[in-house]
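A short worksheet on the structure shown next.
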Amino acid sequence: MTTPDLDLTTRKPGHHPLRDRALAWDRRLLGAATSGHWPGADSVLPRLSRGADHGVLWCAAAAALAASRTPRARRAASRGLASLGLASLAVRTLGKRSVRRPGPALAPVPLLRRVPRRPITTSFPSGHAASAAAFAVGVALESPAWGAVVTPVAASVALSRVSTGEHFPSDVLAGAALGVGAAFAVRGLVPTRGQATPPARPRAEVPALLEGEGLVLVANTASGSAERARALRDALPRAEIVECPPEDVPAELEKAASRARVLGVCGGDGTVNTAARVALRSGLPLAVLPGGTLNHFAYDLGVEDVRDLARALRQGDAVRVDVGRYSCGGEQGLFLNTCSVGVYPELVRERERWSHRIGGWPAGVLAALRVLRADRHPLEAEFQGRTRPLWLLFAGNGTYHRMGLASGRRLDLADGQLDVRVVHGGRRPAARLLAAALAGPLTRSPAHAAVQVGRLRLDHVAPGTLLAYDGEVTEVEGRVELEKLPEALTVYRPITGY
């Protein structure tokens with residue numbers, strides 16, 4: 001029996017055939033890339049490479065995405081930057097220090113394609129490729145459409161590192177793989193909207209409006225929603241669109257309900273609240289197109305833009321959701337998002353007082369400072385059998401899941417629960433409110449508490465106490481009751497193909 005000829009004696013110490021073969025291929029590919037002619041790209045690729053230094057190109061891309069003013073684009077920009085940050089950290093702390101590989105020797109790169117400054121760090125892996133891949137994949141995980149726009153630019157940046165002779169091809173491939181891993185790691189920490197799809201139950205039987213016939217949508221022009229409403233009319237040409245100022249919204253909704261098969265609304269959360277009351281009284285399904293600043297209800301529902309709502313209307317996709325109700329004496333009101341008493345309603349009232357003079361954000365900051373510095377408790381009421389001072393009582397229509405330091409979205413709008421958060425009275429209200437935000441849904445604490453209940457009652461509420469619901473403010477006193485109306489409202493939302 002013969003054995004294959006293996007010449008082990010000729011191998012020099014420290015030589016590894018597989019590694020040497022890979023290096024040889026690396027050098028060949030690098031030589032082909034640097035010596036070859038790139039029609040139309042010889043001047044573009046070096047500029048892209050320089051523009052991506054220190055992440056400048058990707059910060060500019062993120063700013064452009066955020067400027068589009070769509071929630072999906074803003075989330076995509078944030079996710080892209082977070083992925084880029086994690087990839088850069090991994091390259092600097094793990095990649096460059098673990099594999100101290102020098103960069104390629106100066107290759108015969110055409111003068112037009114040379115970069116003025118060569119990297120001073122080790123070559124493996126490519127930080128430019130890692131950042132480009134991380135940003136592009138992070139954007140694509142949140143918004144495939146924007147990902148398709150960004151990916152060719154990211155690929156060109158990675159390619160430029162080889163064409164300019166700055167990195168071996170294996171450096172670029174390793175950096176790109178690290179960037180992709182960073183984007184998926186960020187998604188594991190903070191799930192995308194697509195991963196946290198709201199439950200598709202309980203389904204509701206509603207008409208499918210292929211071209212929008214039977215839909216009457218009222219748009220609040222003060223919230224800047226007219227453009228979105230017109231875009232919906234382009235998508236559903238037989239839909240009727242009524243544009244009106246905020247003072248005419250209630251009357252126009254009542255008129256629309258008298259002739260509509262589906263009542264539509266475009267505006268902020270306060271406008272949507274008004275439309276929900278009309279839809280409940282009329283027994284009509286509601287179609288919500290976000291047109292305000294925050295749009296909590298529409299976004300938690302899964303409707304972010306015209307395409308989402310148009311798809312739901314064409315396919316006849318709808319669900320039944322819970323509605324919250326507060327009652328005090330003979331007065332009743334509904335809330336789709338939150339209802340609160342204490343410091344938040346006072347902050348809203350103070351902000352409204354100043355917003356027309358100095359603008360929304362400055363007014364919000366001023367209102368917070370004035371309310372938190374006031375030497376009094378904004379609320380004293382009997383809660384869970386004890387009369388105590390309270391800084392804040394917040395009741396959410398459905399359980400809010402946390403993302404970071406603030407309350408996040410609701411995944412189930414028909415869970416039958418009021419998500420109640422209480423901040424007890426005491427000294428240093430700002431510190432107590434911050435502690436409540438950081439600690440999250442703790443059930444026992446000297447400063448705050450959180451419970452999920454189906455009904456809540458507050459007794460001995462002082463006259464003139466403010467109550468805020470979906471951004472509106474009213475006065476209450478005596479006994480205040482909060483309860484759920486399970487699956488009371490039917491709303492369109494995309495289910496199939498979501």
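Sequential numbering from 1 along the given sequence is applied to the chain's residues. The structure displayed is predicted, hence computed values, not measured ones.
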Could you report the tightest heavy-atom contact between [X] and [Y], atom names first, then the distance?
X	Y	result
Val272	Gly267	CG2-O, 4.1 Å
Ala235	Val306	CB-CG1, 4.3 Å
Ala136	Ala154	CB-CB, 3.7 Å
Ala287	Leu215	CB-CD1, 4.2 Å
Ala77	Phe135	O-CE1, 4.4 Å
Ala256	Val216	CB-CG1, 3.4 Å

Heavy-atom distance under 4.5 Å between the side chains of [X] and [Y], does that happen here?
X	Y	answer
Glu487	Asp322	yes
Leu286	Thr490	no
Cys339	Leu467	yes
Pro207	Val262	yes
Leu289	Val265	no
Thr474	Tyr326	yes
Thr151	Val137	no

Sequence neighbours excluded, which residues qualify as side chain to side chain contact (heavy atoms under 4.5 Å, CB included) partners of [X]?
X	result
Ser143	Arg72, Ala76, Ala145, Trp146
Glu472	Tyr469
Ser131	Trp58, Leu84, Ser88
Ala488	Leu280, Val323, Leu485

When you measure from the side chain of [X] to the backbone N and O of [Y], does any donor-acceptor pair fall under 3.5 Å?
X	Y	result
Arg320	Arg203	yes
Arg228	Pro290	yes
Lys484	Gly454	no

Just to verify, what does [X] make a side-chain hydrogen bond (donor to acceptor under 3.5 Å, both in side chains) with, not counting sequence neighbours?
X	result
Ser282	none
Arg325	Glu483
Asp415	Thr399

Item to check | Candidates Val303, Leu336, Leu413, Val321 - the one meeting side-chain contact (heavy atoms from CB on, under 4.5 Å) with Val491 | outcome: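 Single pass found, and it is Val321.
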
Let me confirm one number: the [atom1]-[atom2] distance from [X] to [Y], rounded to the nearest 0.5 Å.
X	Y	atom1	atom2	value
Leu178	Leu173	CG	CG	12.5 Å
Arg410	Tyr400	CZ	OH	3.5 Å
Glu254	Thr274	CD	OG1	10.0 Å
Asp269	Asn295	CG	CG	6.0 Å
Phe335	Asn397	CZ	CG	6.0 Å
Leu456	Leu482	CG	CG	5.0 Å

According to salt bridge (charged side-chain N to carboxylate O under 4.0 Å, His left out), who are the partners of [X], at least two apart in sequence or on a separate chain?
X	answer
Glu475	none
Asp470	none
Arg277	none
Asp419	Arg421

Checklist entry - Are Leu232 and Leu309 close enough, and set up right, to give a side-chain contact (heavy atoms from CB on, under 4.5 Å), and what steps lead you there? => result CA-CA 8 Å; Leu232 182 66; Leu309 182 59; 4.1 Å; yes

Checklist entry - Between His128 and Asp53, does a side-chain contact (heavy atoms from CB on, under 4.5 Å) hold up when you go through it step by step? => result CA-CA 7 Å; His128 281 67; Asp53 288 345; 2.7 Å; yes

I'd like a table of donor-acceptor pairs (distance under 3.5 Å, sequence neighbours excluded) in which one partner is a side-chain atom from residues 236-251, with atom names and distances.
{"unit_1": "Arg238", "atom_1": "NE", "unit_2": "Glu211", "atom_2": "OE1", "d": "3.1"}
{"unit_1": "Arg238", "atom_1": "NH1", "unit_2": "Glu213", "atom_2": "OE1", "d": "3.2"}
{"unit_1": "Glu240", "atom_1": "OE1", "unit_2": "Arg259", "atom_2": "NE", "d": "3.3"}
{"unit_1": "Glu240", "atom_1": "OE2", "unit_2": "Arg259", "atom_2": "NE", "d": "3.3"}
{"unit_1": "Glu240", "atom_1": "OE2", "unit_2": "Arg259", "atom_2": "NH2", "d": "2.7"}
{"unit_1": "Glu243", "atom_1": "OE1", "unit_2": "Arg230", "atom_2": "NH2", "d": "3.0"}
{"unit_1": "Glu243", "atom_1": "OE2", "unit_2": "Arg230", "atom_2": "NE", "d": "3.0"}

Checklist entry - Does a side-chain N-to-carboxylate-O contact under 4.0 Å join Asp308 and Arg493? => result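 Result for this pair is no, no salt bridge flagged.
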
Item to check | From CA spacing to verdict: side-chain contact (heavy atoms from CB on, under 4.5 Å), Val206, Tyr492 | outcome: CA-CA 8 Å; Val206 293; Tyr492 281 83; 3.5 Å; yes

